[in-house]
Amino acid sequence: MKEHFSTPSAVIVLLVRSSGGRKQALLQRRQNTDFADGKWDFSFAGHVEHGENMKRSAVREAREELGIDIAESDLDFAAVVHKREAQNDLTYFNAYFICEKFCGQPTICEPFKCSEIAWFDVDRLPDDLIDDRKEVVRAMAEGRYYIEYGWN
């Protein structure tokens, strides 16, 4: 039987809360992942597994990485990124969601992959945020929902 084409997909979620009248986003600092180690990333992310839809994947990743519970219905679509990583010759379809409701206190559940988590004002995210995540933040501010990244 002929093998079907496949491109990996990932789901990337930004948890947002209001604190002192300001919108804040939870970020994680990556480590030991072979991708953007040492940089800040969105709240949690992961590959979509075979037979799993993107929202179900996000629910699973929230529990695995931060020990929190989220509902699929609380995930608001933000953007899709068709990404090419030239150095690894990989192509991805990444779906981005924003989530403002969650149960539990976010904690680092995978300390071998994440060295710290912290809340940042949405309008003052750190400079060392992963580059394609910065592009997603810009696109969301401009009302763009489809982004191509790394195809130059």
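Both backbone and side-chain heavy atoms feed into the values below; hydrogens, waters and symmetry mates do not.
Considering every non-hydrogen atom in both V11 and S57, the closest pair reads CG1-OG, 3.3 Å. When all heavy atoms of I68 and Q105 are compared, the closest pair comes out as CG2-C, 3.8 Å. In this structure, V59 and A71 approach most closely via the heavy-atom pair CG2-C, 4.3 Å. Minimum heavy-atom separation, A45 to I12: CB-CG1, 3.7 Å. In terms of heavy atoms, A95 sits closest to F97 at CB-CE1, 3.8 Å.
Remark: L15 CG to C99 SG distance equals 5.5 Å, nearest 0.5 Å. The structure places SG of C103 at 6.0 Å from CG of D69, a figure rounded to the nearest 0.5 Å. Considering CG of L27 and CG of L129, their distance stands at 6.0 Å, rounded to 0.5 Å.
A distance below 6.0 Å separates the ring centres of H82 and F93.
Within the 4.5 Å cutoff, the side chain of V80 has no heavy atoms near those of the N94 side chain. At least one side-chain heavy atom of W151 sits less than 4.5 Å from a side-chain heavy atom of T91. At a threshold of 4.5 Å between non-hydrogen side-chain atoms, the residues T107 and L66 do not count as touching.
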Verify salt bridge (charged side-chain N to carboxylate O under 4.0 Å, His left out) between R144 and E135, making sure each step is shown before the conclusion. CA-CA 10 Å; R144 292 185 291 126; E135 181 60 28; 3.0 Å; yes
May I have the step-by-step check of salt bridge (charged side-chain N to carboxylate O under 4.0 Å, His left out) for D123 and K23, ending in yes or no? CA-CA 8 Å; D123 59 353; K23 286 271 189 185; over 6 Å; no
Mind running side-chain contact (heavy atoms from CB on, under 4.5 Å) on V13 and I98 for me, showing each step along the way? CA-CA 6 Å; V13 179; I98 295 173; over 6 Å; no
CA sep, side-chain torsions, deciding dist, call: E142, R138, salt bridge (charged side-chain N to carboxylate O under 4.0 Å, His left out): CA-CA 6 Å; E142 296 168 1; R138 278 191 291 277; over 6 Å; no
Is there a salt bridge (charged side-chain N to carboxylate O under 4.0 Å, His left out) between E85 and K83? Walk through the geometry before answering. CA-CA 7 Å; E85 292 181 17; K83 180 181 176 181; 3.5 Å; yes
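At least one donor-acceptor pair under 3.5 Å links the side chain of E52 to the backbone N or O of E49. Under the 3.5 Å distance criterion, the side-chain polar atoms of N53 are matched with a main-chain donor or acceptor of R56.
The ring-ring contact (aromatic ring centres under 6.0 Å, His included) contacts involving residues 38-57 comprise W40-F120, F42-Y96, H47-Y92, where partners must be two or more places apart or lie in separate chains. Sequence neighbours left out, not one pair with a member in residues 71-81 passes side chain to side chain donor-acceptor pair (under 3.5 Å). Within the structure, every pair that satisfies the side chain to side chain donor-acceptor pair (under 3.5 Å) test and touches residues 27-37, not counting sequence neighbours, is listed here: Q28-E65, R29-E116, R29-D128, R30-T33, R30-D41, T33-D37.
Residues L125 and Y149 fall within the same hydrophobic cluster, defined by Ile, Leu, Val, Met, Phe, Trp and Tyr side chains chained together at heavy-atom separations under 4.5 Å. One hydrophobic cluster holds both M140 and I147 under the rule that ILVMFWY side chains link at heavy-atom gaps under 4.5 Å. Linking ILVMFWY side-chain heavy atoms closer than 4.5 Å, directly or via other members, places V16 and I70 in two distinct hydrophobic clusters. Under the 4.5 Å side-chain heavy-atom criterion for ILVMFWY residues, a single connected hydrophobic cluster contains both Y146 and V48.
Every residue two or more places apart in sequence or in another chain that forms a side chain to side chain contact (heavy atoms under 4.5 Å, CB included) with R17 is listed here: S19, Q24, W119. In this view, F112 and E110 satisfy the side chain to side chain contact (heavy atoms under 4.5 Å, CB included) rule, not counting sequence neighbours. K39 is linked by a side chain to side chain contact (heavy atoms under 4.5 Å, CB included) to A36, I130, D131, counting only residues two or more places apart in sequence or in another chain.
Atom CZ of F77 has more than 12 heavy atoms from other residues, nucleotides or ligands within 6.0 Å.
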